[in-house]
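Reading through the structure tokens given below for one structure.
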Amino acid sequence: MGTEVLPRRTPAPAWIPTAKGEEGDFCLRSSDCAAGLCCARHFWSKICKPVLREGQVCTRHRRKGTHGLEIFQRCQCAEGLACRLQREQGPADTSRLHTCQRV
């Protein structure tokens, strides 16, 4: 009886997703998520969330490393947009709200 030697195949671990994650799916990094999504903290886990569009509220980090302190992270603004202080109409510009605006 001839024994045939087959190449050994190691199956992928079950936790590795076979397709890119959709909104709300668990992830480890943004490359785990589908186009238009990023991997961001939600409570104590990370899920795929939508990249921010023009006019949406964003978070501007004054110091590097402060992003890790948020319980509910937001994605970055989409390409061609920047997170800037929202300009209020009126004499007193008291808003500290940042929104995604065209560069």
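In this structure, Cys77 and Cys100 have their SG atoms less than 2.5 Å from one another. A distance below 2.5 Å between sulfur gamma atoms is met by Cys33 and Cys48.
For His98 against Cys83, the heavy-atom pair with the smallest separation is CB-SG, 3.6 Å. When all heavy atoms of Glu22 and Leu37 are compared, the pair lying nearest together is C-CD1, 3.6 Å. Closest approach of Leu81 to Arg53, counting heavy atoms only: CD1-C, 3.7 Å.
No donor-acceptor distance shorter than 3.5 angstrom exists from the side chain of Thr99 to the backbone of Gln86, with no hydrogens or angles considered. Here the side chain of Lys49 pairs a donor or acceptor atom with the backbone of Arg41 at under 3.5 angstrom. Within the 3.5 Å criterion, the main-chain N or O of Leu85 finds a donor-acceptor partner in the side chain of Gln101.
Two residues are said to be in side-chain contact when any heavy atoms from C-beta on lie closer than 4.5 Å; Ile47 and Asp25 fail this criterion. Using a 4.5 Å heavy-atom cutoff, the side chains of Phe72 and His42 are in contact. Looking at heavy atoms from C-beta onward, Cys38 lies out of side-chain contact with Gln76 at the 4.5 angstrom threshold.
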Report task. Begin with the C-alpha distance, continue with both residues' side-chain angles, and end with the deciding distance and a verdict on side chain to side chain contact (heavy atoms under 4.5 Å, CB included) for Asp32 and Lys20. Result -> CA-CA 5 Å; Asp32 296 338; Lys20 297 284 185 173; over 6 Å; no
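Taking a cutoff of 4.0 Å between a charged side-chain nitrogen and a carboxylate oxygen, Arg102 and Glu54 qualify as a salt bridge.
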